[in-house]
There are 2 protein chains.
Amino acid sequence: MAVTLKDIATECGVSYSTVSKALKDSPLVTEATKRKIKEKAEEMNYIPNNSARSLVSNKSHTIGLIWPAVDRVAITTLATQVNEALKQAGYFMAVSIDNPITAASKFLELRFDGVIVFDEGEATTLPEKITNNIPVIAYGVARKLPYPIINVHHNWAMKQAVDLLIEKGHQSIDYIGELHTKDIRQIVKKETIENYCREKQINYRLIDSGGLTETATKQAVKEFLKTETLHDGIICGSYDITMGALHHIDGLESRKTIIAYDNIKQFKSIEMPIYSVGVPAEQIAEGLVKHLIRNIEAERKNTSEIIDLYPSLQYHEKK
Amino acid sequence: MAVTLKDIATECGVSYSTVSKALKDSPLVTEATKRKIKEKAEEMNYIPNNSARSLVSNKSHTIGLIWPAVDRVAITTLATQVNEALKQAGYFMAVSIDNPITAASKFLELRFDGVIVFDEGEATTLPEKITNNIPVIAYGVARKLPYPIINVHHNWAMKQAVDLLIEKGHQSIDYIGELHTKDIRQIVKKETIENYCREKQINYRLIDSGGLTETATKQAVKEFLKTETLHDGIICGSYDITMGALHHIDGLESRKTIIAYDNIKQFKSIEMPIYSVGVPAEQIAEGLVKHLIRNIEAERKNTSEIIDLYPSLQYHEKK
DNA sequence: TACCCGAATAACAACGTTGTTATTTTAAGA
DNA sequence: TCTTAAAATAACAACGTTGTTATTCGGGTA
């Protein structure tokens with residue numbers, strides 16, 4: 001069916017091993033021969049067989065990304081960045097949106113070179129039976145795993161946010177975010193606010209956004225405002241939550257300081273200036289890829305390390 | 001490194017070909033031997049090598065999905081459904097969010113069995129050089145391609161919507177949707193409204209949502225309402241656009257009829273009852289998978305056919 | 001002219017499977 | 001006990017590559 005090295009060899013009147021060498025620019029083949037072979041290969045639309053290559057070289061130059069919850073906008077940006085970073089490093093990224101164990105098993109069967117997991121807590125833990133056999137790196141909230149995890153330090157971000165509000169003179173803080181959830185990211189943010197505000201002896205309230213979407217938040221804040229008013233120092237748990245809350249915040253209320261948590265850069269077309277805190281997706285992607293590739297190339301066993309990335313504050317004004 | 005058939009064979013004191021047969025439950029091996037081998041394989045954590053299998057059988061039982069724009073919610077639902085349908089049919093789905101040509105070339109090298117493309121028009125057309133070598137099916141708006149495309153007939157949907165509004169007695173229609181875009185889906189919807197309303201001699205206005213998001217629509221409709229008012233018959237181009245528009249529509253205005261275009265089923269927690277029109281994602285997924293698998297198994301060449309799926313109207317009320 | 005050396009190319013083994021063919025083992029019948 | 005057929009298992013070729021080893025082919029030198 002498909003064109004093989006042998007077909008090209010027959011066509012060019014050389015042996016197939018010469019074709020193999022020619023196509024990978026080996027110095028063992030004359031320039032003239034190489035040129036002829038390459039032309040012929042192009043003409044015949046030769047497509048290398050990765051299965052055969054992988055069989056002999058034990059390399060597929062493909063990385064599997066396990067991404068069970070394809071929704072969040074922030075993480076979509078991250079996926080794109082990871083794809084880019086991997087491409088740069090000479091690897092192809094194949095995503096599975098299946099459940100983590102199924103996905104990882106298949107990646108193993110396909111002899112991919114490594115696995116990246118968008119970790120969502122317990123349900124996305126890969127068993128050692130799998131992780132003993134392939135380099136893995138996770139992205140998520142710090143926890144003990146048989147493979148490294150990159151942690152964007154949500155609590156450090158929240159502390160920075162609180163510190164800024166204090167510095168700006170706010171004595172009372174409102175945190176708007178998802179409170180009733182199993183999403184570990186949201187839990188960490190919420191709990192950090194609680195603990196740190198107590199520690200700093202600052203008043204705080206937790207306002208449930210009722211979900212991670214703009215719509216949910218808009219509705220929730222509307223309800224909240226029926227009986228209470230918002231404080232001037234506000235921390236929002238995500239980009240979408242910020243957008244939802246902003247429906248009810250007058251752009252001219254310059255007393256207010258709003259800090260949004262997120263990993264994306266563009267906070268554009270917002271009426272009032274806001275702060276954001278988080279690790280840029282690009283930086284996370286780079287970290288994931290760098291660590292994974294290093295482990296692949298060193299043929300190192302997975303370790304339990306936790307790799308911390310520290311968020312930074314940014315100020316956004318409508319241009 | 002990894003455990004192979006040979007390792008299991010040595011361990012069990014049989015030949016590797018017997019192990020191969022045992023593991024796939026061939027009747028050529030005694031039950032007792034099979035049991036012993038299977039236990040040993042499990043114990044040794046044997047993971048079949050897909051590269052080797054693929055090399056000899058020319059099957060990888062893997063389908064590549066080309067999905068260059070990982071964002072829209074509706075299409076996320078579809079991806080999940082496609083994954084499910086493929087799994088049901090015994091195939092694994094690997095997604096690439098890279099550009100279509102790169103993705104398809106890699107799928108070819110990896111010797112995947114077929115390709116599904118979420119078509120976005122010209123930029124996502126695969127060249128025959130690729131499509132001559134692997135079964136392909138696209139999902140998008142009907143157009144001539146060297147491979148089949150499943151078309152959800154946006155224009156038929158829009159016509160149904162207009163017909164319903166006419167039937168309900170509305171003489172003037174507002175269409176809220178993305179007007180300035182290269183997204184062919186949006187263009188088709190817009191143009192169908194224009195042409196069909198003219199044909200039916202109905203007044204219509206096109207209101208630009210300024211994008212496909214809820215936020216953009218909310219803002220756009222707000223602007224619009226500063227100088228004009230909405231008609232009672234309203235068609236919204238998507239789920240998110242509907243949500244955006246609903247911010248400005250009083251839940252009690254029962255004179256109004258709102259029809260939302262989308263392929264998802266859940267239009268929940270909406271204040272006022274609305275209609276929706278579209279082909280359910282599940283049905284699209286089923287169509288894609290059925291056609292693709294059929295072509296794979298029949299080893300048929302790709303054809304240029306256009307496969308139409310017809311949308312249906314649904315009524316949604318808050319429960 | 002015969003010899004040798006290096007350059008160019010060819011031949012071959014291996015990777016881990018599957019499916020076909022060959023060999024061994026088992027048990028039944030005489 | 002021997003023969004024979006069937007059942008069980010073993011051996012082998014093939015899939016398309018890569019990397020190593022073997023062979024061939026031209027010169028240049030004696």
Side-chain angles (χ1 to χ4, degrees), chain A residues 1-38 40-41 44-62 106-113 133-134 299, chain B residues 1-38 40-41 44-62 106-113 133-134 299:
Chain A
M1 193 71 251
V3 178
T4 71
L5 289 185
K6 220 173 273 179
D7 299 327
I8 303 175
T10 316
E11 203 69 22
C12 292
V14 296
S15 81
Y16 65 90
S17 55
T18 302
V19 177
S20 169
K21 287 170 189 54
L23 290 181
K24 46 177 33 83
D25 246 338
S26 157
L28 297 177
V29 183
T30 331
E31 278 308 323
T33 319
K34 270 195 222 174
R35 197 157 2 92
K36 190 180 65 183
I37 292 176
K38 283 180 181 171
K40 207 72 188 173
M44 296 174 76
N45 189 24
Y46 167 70
I47 297 151
N49 185 324
N50 220 300
S51 297
R53 281 190 173 167
S54 167
L55 195 54
V56 42
S57 69
N58 250 312
K59 297 235 149 306
S60 62
H61 295 281
T62 307
K106 267 304 188 168
F107 289 164
L108 226 45
E109 287 185 19
L110 290 165
R111 292 299 189 269
F112 284 0
D113 295 337
N133 289 288
I134 189 169
E299 294 180 35
Chain B
M1 192 73 250
V3 178
T4 71
L5 289 185
K6 221 172 269 177
D7 298 328
I8 303 175
T10 315
E11 202 69 22
C12 292
V14 297
S15 80
Y16 65 90
S17 55
T18 301
V19 176
S20 168
K21 287 170 188 56
L23 290 181
K24 46 177 32 84
D25 245 338
S26 157
L28 297 176
V29 183
T30 331
E31 279 307 324
T33 319
K34 269 195 222 173
R35 196 155 7 88
K36 190 180 63 180
I37 291 176
K38 282 179 182 172
K40 206 73 187 172
M44 296 175 75
N45 189 25
Y46 168 70
I47 297 150
N49 186 324
N50 220 301
S51 298
R53 279 190 173 167
S54 168
L55 195 55
V56 42
S57 68
N58 250 314
K59 296 235 150 307
S60 62
H61 295 282
T62 306
K106 268 302 189 169
F107 289 165
L108 225 45
E109 288 185 18
L110 289 165
R111 291 298 189 271
F112 284 180
D113 295 338
N133 289 286
I134 189 170
E299 294 178 36

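Note that this is a predicted model, so its numbers are computed, not measured. Just so we're on the same page: letters track the sequence lines, and every chain starts at 1.
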Handout entry: For atom CZ of B:R111 and atom C1' of C:dT17, their distance in whole Å
Key = 17 Å

Practice task
Confirm from the modelled atom types if B:S17 and D:dA11 form a donor-acceptor pair under 3.5 Å, side chain to base only.
Solution key: yes

Practice task
Please round to the nearest 0.5 Å and tell me the distance separating atom SG of B:C12 and atom CG of B:D7.
Solution key: 11.0 Å

Exercise for the section: Enter the distance from B:T18:OG1 to B:I8:CD1 here, rounded to the nearest 0.5 Å. Expected result: 12.0 Å

Handout entry: Length of the line joining B:K6:NZ and D:dA11:P, which is rounded to integer Å
Key = 12 Å

Problem - Distance in Å, B:N50 CG paired with A:N50 CG, rounded so as to fall on 0.5 Å steps - result: 11.5 Å

Exercise for the section: Kindly indicate whether the side chain of B:T30 and the base of D:dA8 share any N or O donor-acceptor pair separated by less than 3.5 Å? Expected result: no

Exercise for the section: Can you figure out which of C:dA11, C:dT17, D:dT17 approaches the side chain of A:L5 most closely? Expected result: D:dT17

Exercise for the section: Would you kindly give the CD1-to-P distance between A:I47 and D:dT17, to the nearest whole Å? Expected result: 11 Å

Practice task
Go through residues 18-29 of chain B and report each residue with a non-hydrogen atom lying under 4.0 Å from DNA chain C, sorted by number.
Solution key: B:S20, B:K21, B:K24

Practice task
Starting from C1' on D:dT17, measure out to CD1 on A:I8 and report it in whole angstrom.
Solution key: 12 Å

Practice task
Taking only the side-chain nitrogens and oxygens of B:Y16, find out if one of them lies under 4.0 Å from OP1 or OP2 of C:dG19.
Solution key: no

Exercise for the section: Let me know the distance between CG of A:L55 and C1' of D:dA14, rounded to the nearest Å. Expected result: 12 Å

Fill in the blank from the handout: Walking DNA chain D from its 5' end, the first of A:T4 and B:V14 to be reached, judged by nearest nucleotide, is B:V14

Fill in the blank from the handout: One should read off an interatomic distance between B:L5 CG and B:K21 NZ, to the nearest 0.5 angstrom, of 10.0 Å

Completion exercise
Assign each of B:V56 and A:S57 the nucleotide of DNA chain D bearing its closest heavy atom; nearer the 5' end lies the nucleotide of B:V56

Handout entry: B:K34 side-chain N/O to B:S26 backbone N/O, donor-acceptor pair under 3.5 Å
Key = yes

Problem - Distance, rounded to the nearest Å, where A:N49 contributes CG and C:dC15 contributes P - result: 18 Å

Handout entry: Test log, rule side-chain contact (heavy atoms from CB on, under 4.5 Å), inputs B:L110 and B:T62
Key = CA-CA 9 Å; B:L110 289 165; B:T62 306; over 6 Å; no

Problem - Atom pair distance, as rounded to whole Å: CG in B:N50 and C1' in D:dC15 - result: 14 Å

Exercise for the section: Working to the nearest 0.5 Å, report the span between CD1 of B:I47 and OG1 of B:T4. Expected result: 12.0 Å

Exercise for the section: Compare side-chain N and O positions of B:T33 against OP1 and OP2 of D:dA8 and report whether any pair is under 4.0 Å apart. Expected result: no

Practice task
Would you please confirm or rule out a distance under 4.0 Å between OP1 or OP2 of D:dG16 and any side-chain N or O of A:R53?
Solution key: no

Problem - OP1 or OP2 of D:dC15 under 4.0 Å from side-chain N/O of B:S54 - result: no

Exercise for the section: In whole angstrom, give the distance that lies between atom NZ of A:K59 and atom C1' of C:dC15. Expected result: 14 Å

